[in-house]
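As structure tokens, the structure follows; a few thoughts come after it.
Computation of the quantities below employed the complete heavy-atom set of this structure, encompassing side-chain atoms and omitting hydrogens, waters and symmetry-equivalent molecules. For this chain, numbers begin at 1 and follow the sequence in order. Everything numeric here is computed off the predicted structure, so don't read it as measured data.
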Amino acid sequence: MPQSRPDGLLAIYPHITSRDRQLLQLLDDHQVLTTDQIHALFFHARRTCQIRLTELRALGLLDRFRFARDGGGSQPWHWTLGHNGHRFQAAAHGRAEPTARTSRQTTQRLSANPNLTHLLTANEFGVRLSAHTRRHPAARLQRWWSEASTRTQFRVITPDGHGVWSVGGSTVGYWLEVDTGTEPLGKVAAKLDKYAVLARQGGPRYPVLFWVHSEDREEHLHAQLRGRRAEAVACATAVHAADPAEAVWLAAGADRRVRLVELPSDHGRAVAANANFDENGVFLL
């Protein structure tokens with residue numbers, strides 16, 4: 001009796017490593033990463049990274065796009081899930097299997113998204129923290145959630161990202177607000193209000209991290225932050241060029257910069273508004 005032909009996705013399973021699975025999950029969560037970001041996260045040698053990404057693309061697990069660079073040349077490759085990558089992640093999470101057309105449209109919409117630069121900048125924050133842990137064994141990024149994941153868990157707020165960062169015995173949660181200079185600073189500072197609402201409901205009192213694109217922008221943002229109720233929610237600023245794990249964070253009203261792990265942090269109470277705890281009051285990480 002002739003054997004049935006194996007499913008195309010199952011046939012490529014022997015070629016998928018544990019590192020590949022981590023990358024697929026990250027792209028499922030965060031949508032897009034550049035070659036440089038994937039290199040920083042998973043590889044020592046850039047050439048090894050490039051070869052593996054090409055192999056994963058040939059397997060249909062990844063797809064990529066890039067644009068021309070102003071002034072000549074090209075931007076780096078932007079990597080996202082390919083059709084088989086979408087199928088694999090759907091199977092892993094019990095979702096309906098996408099069609100090839102759906103997968104193609106997802107990549108096309110992402111590539112044309114006017115907020116693509118903002119998304120990549122938000123992802124860069126998590127990439128830098130993760131890369132820091134590779135050089136510093138005592139540090140750990142225990143949670144790295146996208147905007148979508150955070151919004152699902154904490155419905156009151158819409159940060160650009162959320163994480164829980166630990167160094168040694170110290171831990172700090174954070175809400176990330178990426179500023180690319182396109183919004184009025186008054187509107188940026190007003191984002192603290194929604195975090196204050198969550199805190200009053202018993203949710204986490206994590207510092208709101210305003211990651212801004214220039215020192216001048218940072219200085220003017222602090223002028224907006226003065227006079228706001230500091231007791232409601234903590235906040236701090238740093239510029240995109242800085243390593244977010246280091247002593248680069250200037251809290252509102254402070255006169256010196258501190259490390260991320262030194263900022264005040266409170267996981268909140270075991271209430272319905274706080275996704276940090278299950279129904280039995282057990283902290284979830």
Side-chain angles (χ1 to χ4, degrees), residues 21-34 37-38 41 61-65 78-83 85-99 102-130 141-165 173-180 182-183 187-188 191-195 197-199 201 203-204 206-211 233 240 244 267-268 272-278 284-285:
R21 294 185 67 158
Q22 291 179 57
L23 174 57
L24 293 176
Q25 184 60 52
L26 270 182
L27 288 172
D28 196 18
D29 290 339
H30 299 279
Q31 301 185 65
V32 60
L33 294 167
T34 66
Q37 290 173 333
I38 296 172
L41 286 168
L61 292 166
L62 299 185
D63 203 351
R64 67 183 186 180
F65 59 88
H78 295 46
W79 295 89
T80 186
L81 291 178
H83 180 49
H86 282 292
R87 294 176 66 206
F88 183 86
Q89 288 302 115
H93 295 282
R95 303 191 298 250
E97 179 168 326
T99 64
T102 299
S103 297
R104 183 170 61 254
Q105 288 178 337
T106 298
T107 300
Q108 291 171 346
R109 288 168 181 163
L110 177 62
S111 67
N113 187 336
N115 294 317
L116 179 61
T117 298
H118 187 275
L119 174 60
L120 284 167
T121 304
N123 289 347
E124 178 67 16
F125 191 91
V127 169
R128 291 190 192 178
L129 288 181
S130 295
L141 183 56
Q142 296 181 281
R143 183 189 289 173
W144 176 15
W145 287 358
S146 65
E147 175 187 354
S149 295
T150 307
R151 184 182 300 178
T152 299
Q153 296 296 326
F154 298 97
R155 299 181 185 278
V156 175
I157 57 173
T158 56
D160 296 315
H162 160 59
V164 175
W165 175 249
Y174 65 82
W175 311 117
L176 177 65
E177 290 286 351
V178 172
D179 174 65
T180 57
T182 59
E183 291 183 314
K187 184 176 180 179
V188 174
K191 293 179 179 181
L192 291 175
D193 294 342
K194 58 190 176 184
Y195 297 102
V197 171
L198 178 63
Q201 293 177 349
Y206 294 150
V208 179
L209 305 181
F210 291 107
W211 209 34
V233 58
H240 294 174
H267 294 308
N274 194 347
N276 279 336
F277 299 90
D278 66 12
L284 304 171
L285 190 59

(message) Quick check for you: to the nearest 0.5 Å, what is the distance between Asp160 atom CG and Asn115 atom CG?
(response) 9.5 Å
(request) State, without any angle test, whether His93 and Gln25 hold a side-chain donor-acceptor pair at a distance under 3.5 Å. (result) yes
(request) Looking only at non-hydrogen atoms, find the nearest pair between Ala273 and Leu198 and report the distance. (result) O-CD1, 3.8 Å
(message) How close do Leu116 and Phe65 get, counting heavy atoms only, and between which atoms?
(response) CD2-CE1, 3.8 Å
(request) Return the minimal non-hydrogen interatomic distance between Leu110 and Thr80, and the atom names on each side. (result) CD2-OG1, 3.8 Å
(request) Rounded to the nearest 0.5 Å, what's the gap from CZ on Arg87 to CG on Leu81? Could you check? (result) 13.0 Å
(request) Say whether Arg104 and His83, considering side chains only, have a donor N or O and an acceptor N or O under 3.5 Å apart. (result) no
(request) To the nearest 0.5 Å, tell me how far Leu27 CG sits from Gln22 CD. (result) 12.0 Å
(request) Hey, could you give me the OG1/CD distance between Thr152 and Glu147, rounded to the nearest 0.5 Å? (result) 10.0 Å
(request) Mark yes or no for whether Asp179, through its side chain, and Phe210, through its backbone, hold a donor-acceptor pair below 3.5 Å. (result) no
(request) Using the ring pair (Phe, Tyr, Trp, His ring centres under 6.0 Å) rule, pick out the option among Phe154, Trp175, Trp165 that qualifies with Tyr206. (result) Trp175
(message) Return the CZ to NE2 distance between Arg128 and His240, rounded to the nearest 0.5 Å.
(response) 8.5 Å
(request) Provide the closest heavy-atom pair for Gln37 versus Val32 in the form atom of the first, atom of the second, distance. (result) OE1-O, 4.4 Å
(message) As an exercise, state the distance from OG1 of Thr158 to CD of Glu177, rounded to the nearest 0.5 Å.
(response) 6.5 Å
(message) With a 6.0 Å cut-off (strictly less than), is the heavy-atom count around CZ of Arg21, excluding the residue itself, greater than 12?
(response) no
(request) Could you tell me whether Tyr174 and Phe125 have their ring centroids closer than 6.0 angstrom? (result) yes
(request) State which residues pass side chain to side chain donor-acceptor pair (under 3.5 Å) with Trp79; sequence neighbours excluded, sorted by chain then number. (result) Thr35
(message) Using a 3.5 Å distance criterion without hydrogens, assess whether the side chain of Asp28 forms a donor-acceptor pair with backbone atoms of Ala90.
(response) no
(message) According to side-chain contact (heavy atoms from CB on, under 4.5 Å), who are the partners of Gln153, at least two apart in sequence or on a separate chain?
(response) Trp145, Ala275
